[in-house]
Amino acid sequence: MQKRNLFLNKYYLKEYMTDQLELDKSQSTVNMYTDNVILFTEWCNQTNNSKFDPNMITTIDISDYRSYLQNIKHQKAGTINLKIMSLKS
């Protein structure tokens with residue numbers, strides 16, 4: 001995802017990627033997880049009309065995002081679970 005390079009210096013993504021690599025995740029897995037975090041970040045920014053702050057994320061935000069993916073984006077359960085898992089890692 002080209003957005004990855006634009007977002008790396010924002011929202012602690014460099015640290016996130018480093019942490020995932022230190023947990024012995026493959027580079028492709030780390031890239032996929034990072035891309036999913038970026039999509040969530042963009043959704044939060046649009047939904048909340050404010051700058052994303054990872055310290056302010058609640059379980060309600062995660063639940064709302066799951067609902068958005070299911071009802072608006074019409075994504076399948078496996079895809080949704082992967083995106084949510086990326087956020088929890």
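The basis for the numbers below is simple: all heavy atoms, side chains too, and nothing from hydrogens, waters or symmetry mates. Position 1 is the first residue of the sequence; numbering continues from there. Since this is a predicted model, take the numbers as computed values, not measurements.
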Exercise. Do Y65 and I80 come close enough that some side-chain heavy atom pair is under 4.5 Å?
Worked result: no

Problem set entry | pair L87-N36: side-chain heavy atoms closer than 4.5 Å | no

Exercise. Does Q70 have any side chain to side chain donor-acceptor pair (under 3.5 Å) partners at least two apart in sequence or in another chain, and if so, which?
Worked result: none

Seminar exercise, completed: So NZ of K25 and CG of L21: to nearest 0.5 Å the spacing works out to 10.0 Å

Problem set entry | With sequence neighbours excluded, residues passing side chain to side chain contact (heavy atoms under 4.5 Å, CB included) with I60 | T58, D64

Exercise. So do M17 and Y33 actually touch side chain to side chain, heavy atoms under 4.5 Å?
Worked result: no

Exercise. How many angstroms lie between CG in N31 and CD in Q20, if you round to the nearest 0.5 Å?
Worked result: 11.5 Å

Exercise. Hey, does the side chain of T18 reach the backbone of K14 with a donor-acceptor pair shorter than 3.5 angstrom?
Worked result: yes

Exercise. Does the side chain of V30 reach to within under 4.5 Å of the side chain of Y16, using non-hydrogen atoms?
Worked result: no

For this session: Would you give the length of the straight line joining atom CZ of F52 to atom OG1 of T41, rounded to the nearest 0.5 angstrom?
Result: 4.0 Å

Exercise. Passes side-chain hydrogen bond (donor to acceptor under 3.5 Å, both in side chains), T29 versus S26? Steps please.
Worked result: CA-CA 5 Å; T29 298; S26 73; 3.0 Å; yes

Seminar exercise, completed: Distance col, row D53:CG vs C44:SG, nearest 0.5 angstrom, shows 10.0 Å

Exercise. Transitively linked via ILVMFWY side-chain contacts under 4.5 Å: V37 with M56?
Worked result: no

For this session: Taking the side chain as every heavy atom from C-beta outward, state whether S86 and F40 have any atom pair closer than 4.5 Å.
Result: no

Exercise. Within a radius of less than 6.0 Å around CE of M85, do more than 12 heavy atoms belonging to other residues, nucleotides or ligands occur?
Worked result: yes

Seminar exercise, completed: Between the CD1 atom in I38 and the CG atom in D35, the distance rounded to the nearest 0.5 Å is 5.5 Å

For this session: Please report the closest heavy-atom contact between N49 and Q46, naming both atoms and the distance.
Result: OD1-O, 3.3 Å

Exercise. Do the non-hydrogen side-chain atoms of Q75 and K83 ever get within less than 4.5 Å of each other?
Worked result: yes

Exercise. Does the side chain of L82 reach to within under 4.5 Å of the side chain of M32, using non-hydrogen atoms?
Worked result: yes

Problem set entry | Spatial distance of atom CG (L69) from atom CD1 (I84) [nearest 0.5 Å] | 6.0 Å

